[in-house]
Amino acid sequence: MCRCCRGNRGKTKQLARFLIGATIYAVCSDTGGCEMTGQGLSYAKKCSVRIILEGQAPTGAWLASHTFNPYGFCWFRDGAFIADAMSRVGHVESAEAFFDWAAEVIYSRKERVKGGEILRARYTVEGEESEDEWPNFQLDGFGTLLWAIRAHAVRHNRPTEQWQEAIQVTLDYLARRWSEPCHDWWEEYSAIHPATLASIYAGLGAFDHPEADAVKAAINLKNAKLDASLIACVTPFRAVTHEEFKPTLEQIEQKLVNKAGGVHRHPKDTYYGGGEWLILTALLGWYYAQVGREKEALKKLERIAVHMDENGWLPEQTSQYMLAPKMRRYWFDKWGQPAHPLVWSHAMFLTLASELKISRTTRTN
Ligand code: BGC
């Protein structure tokens with residue numbers, strides 16, 4: 001049992017709420033696997049909902065991080081996962097506000113897209129083209145968007161007609177372009193990425209598009225470069241079976257999970273030193289939850305929660321374990337502190353918590 005947890009748990013009742021939520025986690029963060037009360041996790045959930053609501057622009061979009069200049073845009077990938085998380089925890093309006101924003105961005109470019117222009121990976125919260133140095137041709141966010149809209153509609157028995165025209169533009173776009181190389185989740189290199197195909201498959205499949213099966217058939221995990229985003233092929237996009245995913249899972253568990261249970265992006269990651277990414281720790285936990293490895297899933301949730309600070313913020317990545325520590329300085333000199341908070345981290349925390357049905361009464365020990 002973790003000594004610092006035991007020390008604090010007795011005093012829990014006297015502690016201010018943020019101490020329950022933040023300090024206990026912070027105290028325990030070096031142990032990487034401490035015990036935590038369900039009350040603490042439920043508090044972290046509350047903080048996450050608050051950060052997401054506070055971070056949502058009146059247009060419905062989210063800046064990826066409001067404190068980190070290079071992330072002053074709304075990514076379709078982040079936004080779709082965030083909206084899905086908000087839908088899961090019952091914030092129907094928040095999820096739908098994002099879908100409204102996304103539908104407007106897409107539909108207003110209908111003719112240009114038909115004429116061969118790409119839909120960009122990110123826009124300003126006002127829905128304008130962004131000026132930044134990253135590659136913009138990424139298809140996964142649009143598949144994830146369609147998948148999230150369908151899941152939301154089913155979950156809350158909501159109509160999708162208001163987005164139908166934009167959905168159609170997106171379906172046509174993905175069905176036409178899915179076999180083109182595009183940039184990966186991390187915007188690092190262009191190729192045909194299994195994780196991208198999986199999200200497109202899920203998006204097309206969500207609206208019964210006949211091209212979905214061809215996309216699925218093109219997914220080849222055997223030759224894929226090791227990357228934790230590959231988890232998305234099985235969870236949540238169900239584009240491969242658990243059996244097919246097994247060898248990749250073993251590689252991820254052996255090579256990308258640090259001894260505290262945090263998950264790194266890929267073996268060659270140098271961005272801010274290549275720390276562990278909370279969204280990926282959550283993604284692996286989500287997979288564990290789906291295959292019934294609940295204890296391990298809960299450990300992942302705790303591993304994320306230990307990084308919540310006194311503002312209730314979760315970062316994009318953490319520096320306790322780094323794959324390329326010498327590179328951290330380079331990025332600090334270039335862009336300052338890494339993204340913190342990252343709205344997507346909060347969303348993935350909520351998603352995993354909802355998979356585990358974390359509530360006020362949950363006991364984790
Ligand atoms: C990540 C993307 C993410 C973006 C905004 C980038 O550093 O590589 O996956 O969408 O940040 O969070």
Side-chain angles (χ1 to χ4, degrees), residues 1-6 9 24-25 28-45 48 81 84-85 88-89 195 198 221 226-267 275-308 314-315 317-318 320-321 323 344-359 361-365:
M1 179 187 284
C2 164
R3 261 189 295 142
C4 46
C5 262
R6 192 169 40 194
R9 200 179 301 123
I24 290 180
Y25 300 156
C28 297
S29 64
D30 282 340
T31 67
C34 61
E35 294 188 14
M36 189 172 288
T37 64
Q39 200 180 7
L41 287 174
S42 139
Y43 173 78
K45 241 181 94 176
S48 289
F81 276 115
D84 179 62
R88 284 163 178 271
V89 297
L221 286 180
L226 183 61
D227 192 304
S229 65
L230 290 171
I231 300 167
C233 293
V234 61
T235 301
F237 298 133
R238 299 175 190 269
V240 299
T241 63
H242 293 297
E243 213 39 48
E244 286 163 341
F245 183 61
K246 225 169 155 192
T248 308
L249 175 69
E250 279 167 17
Q251 290 287 306
I252 290 172
E253 287 176 331
Q254 277 166 25
K255 298 191 176 145
L256 295 178
V257 180
N258 64 41
K259 57 182 177 204
V263 181
H264 298 264
R265 295 196 297 179
H266 56 79
E276 71 187 65
W277 279 52
L278 306 192
I279 55 160
L280 293 173
T281 305
L283 189 58
L284 184 56
W286 189 357
Y287 168 79
Y288 286 149
Q290 290 207 331
V291 296
R293 293 166 67 175
E294 291 212 341
K295 276 195 178 154
E296 289 157 283
L298 193 53
K299 285 279 172 217
K300 297 297 175 220
L301 193 70
E302 291 176 351
R303 179 63 191 161
I304 299 166
V306 296
H307 298 296
M308 188 168 266
L314 291 173
Q317 63 167 291
T318 68
Q320 190 184 1
Y321 295 92
L323 301 177
W344 190 11
S345 295
H346 286 280
M348 294 298 283
F349 178 80
L350 285 181
T351 296
L352 178 53
S354 83
E355 285 285 314
L356 287 167
K357 301 190 174 52
I358 294 296
S359 71
T361 52
T362 308
R363 300 302 301 182
T364 66
N365 45 43

Which residue pairs pass the salt bridge (Lys or Arg N to Asp or Glu O under 4.0 Å) test with at least one member in residues 234-255, sequence neighbours excluded?
Glu253-Arg293
Going through the distances and angles, do Thr351 and Arg88 end up as a side-chain contact (heavy atoms from CB on, under 4.5 Å)?
CA-CA 7 Å; Thr351 296; Arg88 284 163 178 271; 3.6 Å; yes
Between the side chain of Ser345 and the main-chain N/O of Pro315, is any donor-acceptor distance below 3.5 Å?
yes
Heavy atoms only: give me the nearest Cys233-Ala198 pair and the separation to one decimal.
CA-CB, 3.6 Å
Ignoring hydrogens and geometry, is there a side-chain-to-backbone donor-acceptor pair from Glu355 to Trp286 under 3.5 Å?
no
Walk me through it: do Trp344 and Leu278 pass the test side-chain contact (heavy atoms from CB on, under 4.5 Å)?
CA-CA 9 Å; Trp344 190 11; Leu278 306 192; over 6 Å; no
Do you know the tightest heavy-atom contact between Ala228 and Val263?
CB-CG1, 3.7 Å
Which pair of heavy atoms, one from Leu226 and one from His266, lies closest together, and at what distance?
O-CB, 3.4 Å
So, for Ala289 and Leu356, which heavy atoms are closest and what is the spacing to 0.1 Å?
CB-CD2, 4.4 Å
Donor-acceptor pair, side chain of Lys300 and main chain of Gly261, under 3.5 angstrom:
yes
Cationic N near anionic O, under 4.0 Å, Glu296 to Lys299:
no
For Asn258, is there any backbone N or O sitting under 3.5 Å from a side-chain donor or acceptor partner on His264?
no
